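See below for the structure under consideration.
Since the model is a prediction, treat every value here as computed from it, not as a measurement.
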Amino acid sequence: NSTSVHPNSGNSFNLKISPNPLKGNARISFSLPQSSKVQLKIFNSLGQEIMTLENRSMGIGEYSSKLKKGRLPSGSYYCQLITDYGVAVEKLVVE
């Protein structure tokens, strides 16, 4: 699990998983328009938390976190980004 950051001056708050469906490794990307406490979590289809990828304060910018396929069995999941100013959720399919 590694995170990279790139400066961003926009106001976007988004979450994107690529590739999806996940066949190998995936990159979970998100943008923060302002500094915030950030939690990036993966939940199963029953709403049970499977793992936490990020749990820390982050500044304005664009971030990405790597997710290795071997960490999740095949199925449908939800990736949730929780910040001080909003929540974003994306469906993740692991083949």
Nearest-0.5 Å distance, [atom1] of residue [X] to [atom2] of residue [Y]:
X     : Y     : atom1 : atom2 : answer
Leu67 : Ile17 : CG    : CD1   : 8.5 Å
Lys37 : Met58 : NZ    : CE    : 10.0 Å
Lys66 : Leu53 : NZ    : CG    : 13.5 Å

Can a donor-acceptor pair be found, under 3.5 Å and without considering hydrogens, that links the side chain of Asn20 to the backbone of Lys91? yes

Using a 3.5 Å distance criterion without hydrogens, assess whether the side chain of Ser36 forms a donor-acceptor pair with backbone atoms of Asp84. yes

Please identify each residue that fulfils salt bridge (charged side-chain N to carboxylate O under 4.0 Å, His left out) with Lys23, with sequence neighbours left out. Glu95

Could you state whether [X] and [Y] fall into the same hydrophobic cluster, counting links through intermediate Ile, Leu, Val, Met, Phe, Trp or Tyr residues with side-chain heavy atoms under 4.5 angstrom apart?
X     : Y     : result
Val89 : Leu92 : no
Val38 : Val87 : no
Met51 : Tyr63 : yes
Leu15 : Ile50 : yes
Phe43 : Ile28 : no

Ignoring hydrogens, what is the shortest heavy-atom contact between [X] and [Y]? Give both atom names and the distance.
X     : Y     : answer
Asn25 : Lys68 : OD1-CA, 3.3 Å
Ser29 : Ser64 : OG-CB, 3.8 Å
Gln34 : Ile60 : CA-CG1, 3.4 Å
Pro33 : Ser31 : CD-O, 3.9 Å

Is any side-chain heavy atom of Leu40 less than 4.5 Å from a side-chain heavy atom of Asn55? no

Donor-acceptor pair between Ser18 and Arg27 side chains, under 3.5 angstrom: no

Quick one: side chains of residues 76-83, donor-acceptor pairs under 3.5 Å with protein atoms, not counting sequence neighbours, listed by atom name and distance.
from  : atom 1 : to    : atom 2 : distance (Å)
Tyr77 : OH     : Pro73 : O      : 2.7
Thr83 : OG1    : Tyr85 : N      : 3.3
Thr83 : OG1    : Gly86 : N      : 3.1
Thr83 : OG1    : Gly86 : O      : 2.9

